[in-house]
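A short worksheet on the structure shown next.
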Amino acid sequence: MADDLQPARAPGGTRDVLFPESARWEALVARFAAVVEAAGYGLAHTPIFEETRVFRRGIGAGSDVVGKEMYEFEDRGGRSLALRPEGTAPLVRAFVQHRPPVPWKAWYVTPAFRYERPQAGRYRQHHQLGVEAIGTGDADLDVEVIALAHDLLAGVGLSRVDLKVHSMGDPTCRPAYLEELRAYLRPRRAELCAEHAERLEANPLRVLDCKRPECRAVTAEAPRMLDHLCEACRRHFDRVREGLAALDVPFAVDDRLVRGFDYYTRTTFEFTAPSLDAAQNGVGGGGRYDGLVEVMGGPPTPGIGFGIGIERLLLACDAEQAFVVEPPALDAFVVDVVGGATARDLTARLRRSGLRADRAFDGRSMRSQLKAADRSGARCAVIVGPDELAAGEVAIRPLRVDEEQVSVPLDAVVDAVRQRAAKTPQRAPDASGTAEDEHEDEHEEENP
RNA sequence: GUGGCCGUAGCUCAGUUGGUUAGAGCGCCAGGUUGUGGCCCUGGAGGUCGGGGGUUCGAGUCCCCUCGGUCACCCCA
């Protein structure tokens, strides 16, 4: 019973995003939409849960995400469902189901769920922005997709983001390479760390990605995928690198880059923010998945996409004091010390005229109401006291600039507030430190 | 799933070898200013000391359990 008295909390690893922070999220999503829609991508919403097999088949039963991190459940009809742990598999499922004309270019913003222990930059429910482009294997599409992610990251004002790219090969060249890698590792198995000695046969690539020194030492001389690409994959990768260079997207080839989902073929890439001193500094990543549509039951169709973690991106922005967003200020705050009817009517009139207005309730003192007006960040207070009431006027008191207050007839309030709004710079409620303009036009980009 | 650290007001924290009615700053409310916000002053509200059990004459302080938070490993956004 004592348990019932404990106040309720959001479940572990989840977070509330309340007002002014939510305004920043909205601004980020809007920025993303602008970038990708300008490139022909259309917004797609798909269900937040899918049949479990969509992920099991798509992401791969051997991956950690599917093996131990999925929010899996049975519904009342006994169906096995799962909350989406990532964005690609559901969109590929939607592609297979609806068969839109190719190339199909879609973007999404969605929560993603993974049952992991929360820590800095990692949540059980996090949010991703991403795109998927399905229907062509042209390497220039890889370049386009990577450049879009880069442009967003640079556009929000992050000065330092590292991009690593790699090629995973394809069914022509990868199996032979994997066999060669296993053959190299087998005799050295005893030198590997415990987990990777275990997984050597199932997923030898993971060993390359291991950060432990013992694995590092063993793999220093191990054969690399890049040296074993087939002719087609090599040409593809060359074209991707050439394209990135042509578009001034800085990158480094990382021949140890291994990504967590089984579906990747050829190009894979990852963006990290060195400014994040937390362990989780990957802000986004993606790759090509030329076999995935087929795995989902569609015709053989190539595709590529990426996902960006909203929480991590914003964390990285915090570290650089980038992407500071000021929510729009109120145009007016109505102060009424004569009963409240005027405030009621006036706020409604201002709002219906397209202005942003608020007021105080509970018939508080003028001092209290003006305090509230100040705190609200409103550009001016519209004051109604006994004198104004008698004269059919209101007093317009500027709050953000040092100017005299003026009296205007009741009829002229909307115009007066509108004029004030036009010439008063905005300042958000509780604005702390640097106040920038709400409109996000200028942002320098520095390329290393 | 494994491990470290931490739970005292809305927030950030103090709380002396266990010892009377648990404190501060900020925030909030009210007043100083019977018509005017930001600064200043005064007062006020607000605490199951995460929860449960134990030791003790006495527990915020010690012990056990539990819940929660946080950071890291694994892996990922």
Side-chain angles (χ1 to χ4, degrees), chain A residues 1-15 59 62-69 84-88 109-130 149 153 193-196 198-199 203 206 209-212 258-261 270-273 276-286 306-316 333 335-338 360 362 364-378 380-389 395-402 404-405 407 427 430:
Chain A
M1 59 175 192
D3 199 46
D4 293 338
L5 297 176
Q6 294 284 323
R9 300 180 52 87
T14 69
R15 243 163 46 85
I59 301 172
S63 68
D64 278 5
V65 167
V66 168
K68 56 183 199 188
E69 295 171 2
R84 55 162 45 171
E86 54 97 52
T88 299
V109 50
T110 179
F113 304 85
R114 291 182 203 166
Y115 192 87
E116 310 176 87
R117 283 286 282 273
Q119 75 189 69
R122 169 192 292 156
Y123 305 95
R124 285 185 170 177
Q125 175 177 344
H126 73 279
H127 299 78
Q128 292 192 23
L129 294 162
L153 264 16
C193 72
E195 295 129 56
H196 289 108
E198 200 65 30
R199 297 165 74 175
N203 195 349
R206 280 254 88 91
D209 194 38
C210 185
K211 289 157 214 128
R212 288 187 219 284
V258 175
R259 297 200 34 92
F261 306 138
E270 206 166 86
F271 291 92
T272 54
L276 281 179
D277 50 350
Q280 313 302 326
N281 66 354
V283 296
F306 69 75
I308 288 177
I310 292 182
E311 286 85 350
R312 286 194 191 165
L313 175 52
L314 257 17
L315 240 30
F333 192 98
V335 171
D336 175 341
V337 290
V338 288
D362 301 318
R364 307 232 238 191
S365 68
M366 178 171 288
R367 171 190 226 206
S368 166
Q369 292 193 47
L370 272 165
K371 231 172 164 158
D374 186 49
R375 257 202 313 267
S376 76
C380 71
V382 175
I383 304 171
V384 188
D387 297 348
E388 285 81 5
L389 189 65
I396 307 273
R397 181 177 178 80
L399 294 173
R400 309 271 79 93
V401 293
D402 198 22
E404 287 301 302
Q405 78 181 47
S407 290
R427 200 207 71 201
D430 303 316

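So that the names make sense, note that chain A is the first sequence line, chain B the second, and so on, each numbered from 1.
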Passing option when A:R312 is tested against A:Q128, A:R122, A:H127 for side chain to side chain contact (heavy atoms under 4.5 Å, CB included) = A:R122
Ignoring backbone atoms, establish whether A:S368 has a side-chain N or O less than 4.0 Å from OP1 or OP2 of B:rG37.
-> no
Indicate yes or no: does A:D209 engage A:R206 in a salt bridge with an N to O separation below 4.0 Å.
-> yes
Using the six-membered ring for Trp and the full ring for Phe, Tyr or His, decide whether A:H126 stacks on the six-membered base ring of B:rA77 (centres under 5.5 Å, planes under 30°).
-> yes
Does any N or O in the side chain of A:R400 come within less than 3.5 Å of the main-chain N or O of A:A378, such that one atom is a donor and the other an acceptor?
-> yes
Taking all atoms of both residues into account, what is the closest heavy-atom pair of A:V283 and A:A316, and its distance?
-> CG1-CB, 4.4 Å
Euclidean distance for C1', B:rC73 against B:rC63 (whole angstrom) | 30 Å
Once you round to the nearest 0.5 Å, how far does NZ of A:K371 lie from CZ of A:R364?
-> 10.5 Å
How long is the span from the OG1 atom in A:T88 to the CD1 atom in A:I59, to the nearest 0.5 Å?
-> 8.0 Å
Of the candidates B:rG35, B:rG37, B:rC73, the side chain of A:P386 sits closest to B:rG35
Check the interface with nucleotides 26-28 of chain B: list each N/O to N/O pair with the protein under 3.5 Å, or write none.
| from | atom 1 | to | atom 2 | distance (Å) |
| --- | --- | --- | --- | --- |
| B:rC28 | OP1 | A:R375 | NH1 | 2.8 |

Report yes or no: is there a donor-acceptor pair, N or O only, under 3.5 Å between the side chain of A:E116 and the base of B:rG1?
-> no
Nucleotide-level pairing of RNA chain B, given in dot-bracket where Watson-Crick and G-U pairs need both distances under 3.5 Å and | marks other strands | (((((((..((((.....[...)))).(((((.......))))).....(((((..]....))))))))))))....
For residues A:P118 and A:G13, report the shortest heavy-atom separation together with the two atoms involved.
-> CG-CA, 3.6 Å
What interatomic distance, in whole Å, is found between C1' of B:rG4 and the corresponding atom of B:rC28?
-> 37 Å
Using the C1' atoms only, state how far B:rG53 lies from B:rG46, rounded to an integer number of Å.
-> 29 Å
State which of B:rG1, B:rG35, B:rC75 makes the closest approach to the side chain of A:Y115.
-> B:rG1
Could you measure between the two C1' atoms, the one in B:rC6 and the one in B:rC74, and give it in whole Å?
-> 23 Å
So what does A:S63 touch, heavy atoms closer than 4.0 Å: a base, only the sugar-phosphate, or nothing?
-> nothing
Spacing of the P atoms in B:rU8 and B:rU48 (rounded, Å) = 13 Å
Under 4.0 Å between a side-chain N or O of A:R259 and OP1 or OP2 of B:rA77?
-> yes
For A:Q405 and B:rU36, is the shortest distance between a side-chain N/O and OP1 or OP2 below 4.0 Å?
-> no
Considering only B:rC74, B:rA77, B:rG31, which nucleotide approaches the side chain of A:Q128 most closely?
-> B:rA77
Considering all heavy atoms, the nearest A:L399-A:C380 contact = CD1-C, 3.7 Å
Has the side chain of A:R117 got a donor or acceptor that lies under 3.5 Å from a partner of the other kind on the base of B:rC74?
-> no
Donor-acceptor under 3.5 Å (A:R397 side chain, A:Q405 main chain) | no
A:Q119 side chain, from C-beta outward: closest of B:rG37, B:rC73, B:rA77 | B:rC73
Heavy-atom pair of closest approach, residues A:L315 and A:G121 | CD2-CA, 3.8 Å
